[in-house]
Undergrad: 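Before I ask anything, here is the structure I am working with.
Keep in mind it's a predicted model, so treat the numbers as computed, not measured. Chain naming here is simple, since letters A, B, ... match the order of the sequence lines and numbering starts at 1 in each. In what follows, every heavy atom counts, from backbone to side chain, and hydrogens, waters and symmetry copies are set aside.
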Amino acid sequence: MAGMKVVVTKTDELGNIDWADLNEKVILHKDELAALMITYPSTHGVFESNIRNITALIHKHGGQVYMDGANMNAQVGLTSPAAIGADVCHLNLHKTFAIPHGGGGPGVGPICVASHLAPFLPGNPLVKTGGENAIPAISGAPWGSALACLISYGYIEMLGSEGLQKATEIAILNANYIKHRLQDVYPILYVGNNGRSAHELIIDLRPFKAHNIEVVDVAKRLMDYGFHAPTVSFPVAGTMMIEPTESENKREMDRFCDAMISIVAEILEEAHHDENSLLKNAPHTLKMGTEDEWKFNYSRKKALYPLEFVSENKFWPSVRRVDEAFGDRNLICSCVPISDYQLND
Amino acid sequence: MFLRRHLGPNEGEIEEMLSQMGLDSLSQLIEETIPEDIRLQEAIDLPEGISEHAFLQKITALSLKNQCSDSYIGMGYHPAIVPAVIQRNILENPGWYTAYTPYQAEIAQGRLEALFNFQTMITDLTGMELANASLLDESTSAAEAMSLLFAVRTREQKKKNSTAFFVSNRCLPQTISLLKTRATPLGIEIILGEEEHLNFDDRFFGALFQYPGKGGEIIDLPKVIEKAQAHEIKTVVAADLFTLTLLEAPGKYNVDVVVGTTQRFGIPLGYGGPHAAYFATKEAYKRHIPGRIIGQTRDADGKPALRMALQTREQHIKRDRATSNICTAQVLLAVMAGMYAVYHGAKGLREIALEIHRKASELNALFNQLGITQKNTAFFDTLHIEIDAKKLEELAKKRKINLFYPDNNSAYLSLNEATTEKDFERLKTLFLDYKGEKKAAVFEEKKNLPAEQLRESAFLSHPVFSSYHSETALMRYIKQLERKDLALNHSMIALGSCTMKLNAASEMLPLSLPQWNNIHPFAPLNQVEGYTEMLEKLTHQLSVITGFAATSLQPNSGAQGEFTGLMVIRA
């Protein structure tokens with residue numbers, strides 16, 4: 001999209017950038033090397049120890065280092081994009097700096113640059129903004145979504161230097177606590193040199209394939225416990241990526257971990273989960289639970305109130321599991337009278 | 001202290017967790033986690049935190065440095081009335097604003113339905129077959145349309161290397177600027193001109209028209225489209241939604257893409273954003289549509305259910321061949337705009353539009369009376385006058401009235417929903433004073449819409465747009481939808497791909513203050529000192545936190561930030 005060619009580097013078995021592969025590719029493309037794009041800590045939730053060597057290598061061959069700020073919540077106050085040797089990064093104010101997600105927007109994605117790139121920051125045709133040699137506009141408005149910036153401004157003003165750092169530390173603590181609680185029942189993919197996660201961790205659900213359980217089954221079953229699933233199958237298929245953030249207390253994380261552990265027990269109860277099993281039928285709706293006839297071979301209680309805490313704050317999914325493929329084969333993207341809607345496969 | 005409210009665990013819980021993990025202290029954990037050679041040696045150079053109460057006092061005081069004027073600037077942004085029931089029950093409600101992107105459809109049917117309504121509103125008003133669930137802003141949406149038309153060029157056009165994209169010089173300047181940004185890396189040549197003098201040839205693959213133009217003129221759209229199509233040139237129309245309640249849908253003229261903003265449908269100006277843009281096109285291009293599309297499907301019982309459709313276009317599956325980036329929607333604002341249409345219905349929207357048009361027409365009559373030349377033959381809400389701009393601006397500023405002055409000899413002024421009778425009297429008096437006249441003649445009702453292009457097709461005929469016109473009914477409908485959705489006000493959403501931390505109420509409160517939310521992005525800088533100060537401080541804070549020299553707040557999403565970063569490196 002930006003008119004550049006993408007060359008993908010490999011990662012090693014620990015989830016880090018493959019140093020030998022990177023070296024080889026940098027040398028191969030050194031005459032046309034524009035930039036390295038990295039996420040730090042990595043999308044695998046690890047502070048790679050080799051990062052300064054990586055950024056130095058790119059600089060040595062005339063490239064710039066672009067850092068994706070998606071994982072900035074593990075950095076604020078403890079390290080920084082400049083400290084790892086990056087030249088430019090974007091931030092997600094709707095992730096790290098408290099702008100709410102809004103169900104999928106608004107977002108604000110400022111870019112921060114080292115001094116040699118500052119003159120090129122984007123301008124606006126009507127209002128003076130950006131660098132001296134500004135590239136043309138990126139958004140229609142001169143300061144993007146200015147109103148939403150108030151939220152991040154308030155967040156930083158109220159937390160202050162010390163609070164920002166403490167928030168990062170607790171984000172890392174919370175992730176490592178969840179790792180500590182789940183590591184006996186779920187394999188943890190990728191950890192740092194000392195066995196620590198950053199502010200998020202990846203659990204591996206692929207071993208449950210032997211029981212005919214996919215990651216989506218666990219995601220849907222979590223709804224019965226009142227939880228939204230962690231990120232599913234990204235960046236690794238068949239896994240979940242968990243990031244509790246600093247704002248969750250121990251009680252809430254314990255409830256979540258209890259649910260995750262309880263689901264493993266449910267999986268292991270059956271050697272092979274058929275299409276009518278507890279996990280395959282998840283989520284269970286209020287309508288299912290209150291029909292006169294209960295046609296499943298597990299109890300209502302097990303389906304609807306599997307743990308004590310669930311009954312105190314039950315969330316009812318309003319529909320049963322949706323059929324993803326059906327809708328794409330019969331595309332309907334605006335309201336039509338219900339009578340016009342015919343179910344034909 | 002705010003920190004205590006922001007953090008989940010208290011000191012006791014922190015101790016407990018550390019000891020369960022066999023750690024002596026938090027600093028031990030950090031030392032084991034972050035490599036030593038990148039750890040900061042000193043605390044970041046920002047002031048101490050302040051309490052929530054102190055922040056609210058500070059931010060309110062700062063807001064008073066922004067001047068709320070009567071804004072007739074237009075140029076893609078208009079003062080809007082946010083229905084109080086929508087402000088209170090959606091914009092200020094964590095049940096709506098803390099939810100995540102609706103990937104887990106079974107616990108997101110509420111906002112999926114609200115977005116489905118939004119899409120229906122857009123397809124109805126534009127007369128197109130398919131609309132997405134919003135994009136970042138109108139200019140971005142126009143650029144996405146250009147990319148789409150470039151991608152679907154005919155074999156003949158590819159063979160002939162048709163790379164020119166015509167852009168009417170009636171288009172918004174910010175859109176033209178953004179099109180240039182996007183055109184460069186794709187190898188597209190932007191050619192600006194007037195549609196009247198346009199001679200299409202086979203260099204062109206596509207064309208963009210603004211409807212109405214930035215100065216208010218309504219072009220003969222069917223004629224222009226026909227001319228383009230005679231040369232197999234595909235067309236994009238950037239259309240104003242209120243205009244489309246009175247004029248025929250562009251879809252009837254067989255245009256290929258219709259884009260625009262929904263800001264006027266009850267979204268605060270907010271000094272430029274956030275607002276939801278729309279993107280509507282033909283079903284034939286469904287695999288090329290940018291952004292999210294909500295589609296109907298069925299659940300395990302065969303009952304209708306909604307979910308995000310065509311996800312195979314997205315980046316986590318298609319990687320660099322993706323036609324959609326997941327991060328390019330403005331869901332909360334789209335939900336609000338869709339709900340605005342649900343609340344007013346087709347008749348209500350038309351009435352608002354007619355009232356705006358009546359005021360514009362009355363003003364036009366006054367200009368006739370005063371001998372001020374008004375250049376638009378057909379218009380909806382915006383007038384283009386020949387005037388001594390310096391003199392007018394001086395008089396206008398005294399009355400706290402903002403107009404748009406494209407040069408020294410002219411002005412544009414756009415009427416809007418929020419213009420009260422009192423505001424309107426003030427506006428008329430401004431021009432009477434300018435001419436040294438005392439009294440406006442009685443206005444004889446006259447419309448100035450193009451007679452051949454009046455709307456005949458129906459819109460918003462689905463019952464959802466006629467069932468919730470009382471506040472009680474709408475309040476309950478919003479609640480009914482909210483209850484179907486799991487958001488942070490119910491339980492933790494531990495997403496590794498996103499950071500779903502607290503969105504504190506005191507961080508959100510300032511958004512409801514008129515001195516923050518009712519400011520036009522092109523207001524004169526000396527009226528927006530509060531914003532300038534806040535934005536400068538925030539850019540400084542972010543530069544300090546990242547260790548960098550400078551920051552631009554312009555990108556509206558992570559993906560847009562990423563694109564900006566790469567373009568800056570390219571420059």
Side-chain angles (χ1 to χ4, degrees), chain A residues 2-3 49 73 79-83 88 90 92 95 100 102-107 109-110 112 115 118 120-121 125 136-138 140-141 144-147 150-151 153-154 156 158 160-161 163 177 194 196 200 228 230-231 241-243 245 247-250 317-320 322 327 332 334-335, chain B residues 2-3 8 13 17 32-33 35 38 46 48-49 97 99 101 106 111 120 137 139 173-174 177-178 180-181 185 270-274 295-297 299-300 305 329-332 462 484 493 496-497 499 501-503 507 521 538 546-555 557-558 561 566 568 571:
Chain A
S49 55
N73 212 42
T79 179
S80 73
V88 50
H90 78 265
N92 294 287
K95 295 180 181 175
C112 309
S115 54
F120 308 110
L121 288 177
I138 287 292
S145 295
L147 185 66
L150 279 166
I151 301 165
Y153 174 66
I156 296 169
M158 289 192 284
S161 172
Y177 177 70
N194 298 312
R196 298 295 173 199
E200 62 191 10
H228 188 290
T231 302
M241 182 160 56
I242 305 171
E243 177 181 351
T245 83
S247 299
E248 298 300 339
N249 64 21
K250 180 170 174 296
S318 59
V319 294
R320 292 190 64 184
V322 302
I332 299 175
S334 54
C335 302
Chain B
F2 175 65
L3 181 62
E13 284 189 332
M17 288 193 280
E32 288 181 9
T33 307
I38 58 163
L46 289 175
E48 283 296 288
Y97 68 69
T101 307
E106 296 83 356
R111 59 192 183 280
T120 306
D137 62 19
S139 305
Q174 64 270 29
S177 180
L178 202 144
K180 286 178 181 161
T181 312
Y271 199 39
Q296 192 168 301
T297 185
D299 76 355
Q330 298 274 22
V331 169
L332 188 68
H462 189 274
K484 295 179 178 181
I493 303 177
S497 56
T499 302
K501 62 171 66 180
L502 169 75
N503 316 116
E507 290 154 5
L538 179 61
T546 53
F548 284 140
T551 293
S552 166
L553 292 167
Q554 207 177 99
S557 73
L566 292 176
V568 163

Undergrad: Picking from A:G163, A:P81, A:A83, A:S318, which has the most non-hydrogen pairs under 4.5 angstrom with chain B?
TA: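 Greatest number of close heavy-atom pairs with chain B: A:P81.
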Undergrad: Got a donor-acceptor contact below 3.5 angstrom from the B:D137 side chain to the A:G140 backbone?
TA: yes
Undergrad: Of all the heavy-atom pairs spanning A:G327 and B:T297, show the shortest one and how long it is.
TA: N-OG1, 3.1 Å
Undergrad: For B:E106, check salt bridge (charged side-chain N to carboxylate O under 4.0 Å, His left out) against everything at least two apart and list the hits.
TA: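 A:K220.
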Undergrad: Quick one: does any side-chain atom of B:Q554 pair with a main-chain N or O of A:I138 as donor and acceptor, under 3.5 Å?
TA: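 Confirmed, B:Q554 side chain pairs with A:I138 backbone.
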Undergrad: Looking at B:S552, B:A571, B:P173, B:P35, which has the largest count of heavy-atom pairs under 4.5 Å with chain A?
TA: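 Top count of heavy-atom pairs under 4.5 Å with chain A: B:S552.
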Undergrad: Can you tell me which of A:A146, A:P317, A:G3 forms the most heavy-atom pairs within a distance under 4.5 Å of chain B?
TA: A:A146
Undergrad: Does some side-chain heavy atom of B:Q330 sit less than 4.5 Å from a side-chain heavy atom of A:P106?
TA: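 They are in side-chain contact.
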Undergrad: Report the option among B:P521, B:G295, B:G272, B:S177 that has the most heavy-atom pairs separated by less than 4.5 Å from atoms of chain A.
TA: B:S177
Undergrad: Check whether A:S115 reaches the backbone of B:A549 with its side chain - one donor and one acceptor, N or O, closer than 3.5 Å.
TA: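 The answer is no, because no donor-acceptor pair under 3.5 Å joins these two groups.
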Undergrad: Whether the side chain of B:T33 engages the backbone of A:R196 through a donor-acceptor N/O pair (distance < 3.5 Å, no angle test) should be reported.
TA: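 Checking the backbone N and O of A:R196 against the side chain of B:T33, no donor-acceptor pair under 3.5 Å is found.
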Undergrad: Select one option (side chain, backbone, both, neither) describing which atoms of A:H228 are under 4.5 Å from chain B's heavy atoms.
TA: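 Contact with chain B is through both the backbone and side chain of A:H228.
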Undergrad: Can you tell me which portion of A:T245 sits under 4.5 Å from chain B's heavy atoms? Options are side chain, backbone, both or neither.
TA: side chain
Undergrad: Which of the residues A:G104, A:G105, A:A141 is involved in the greatest number of heavy-atom pairs with chain B at under 4.5 angstrom?
TA: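 If we count pairs closer than 4.5 Å to chain B, A:G104 comes out on top.
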Undergrad: Check each atom of B:T181 against the heavy atoms of chain A and say whether the ones under 4.5 Å are side chain, backbone, both or neither.
TA: both
Undergrad: Checking B:K180 now: which residues fulfil salt bridge (charged side-chain N to carboxylate O under 4.0 Å, His left out) with it, not counting sequence neighbours?
TA: none
Undergrad: Can you tell me which of A:C112, A:G160, A:G107 forms the most heavy-atom pairs within a distance under 4.5 Å of chain B?
TA: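 Between A:C112, A:G160, A:G107, the count favours A:C112.
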Undergrad: Heavy atoms only, distances under 4.5 angstrom: which of B:L502, B:I493, B:L178 has the most pairs with chain A? Name it, please.
TA: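 Among B:L502, B:I493, B:L178, the one with the most close pairs to chain A is B:L178.
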Undergrad: Select one option (side chain, backbone, both, neither) describing which atoms of A:E243 are under 4.5 Å from chain B's heavy atoms.
TA: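 The answer is both parts of A:E243.
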Undergrad: Between B:L538 and A:I156, does a side-chain contact (heavy atoms from CB on, under 4.5 Å) hold up when you go through it step by step?
TA: CA-CA 8 Å; B:L538 179 61; A:I156 296 169; 3.9 Å; yes
Undergrad: Quick check on the interface: out of A:L150, A:N73, A:N92, A:N194, who has the most heavy-atom pairs with chain B under 4.5 Å?
TA: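 Among the listed options, the one with the most contacts to chain B is A:L150.
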Undergrad: For chain B, which of A:P125, A:A82, A:S161, A:S49 has the most heavy-atom pairs under 4.5 Å?
TA: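 Option with the top pair count is A:S161.
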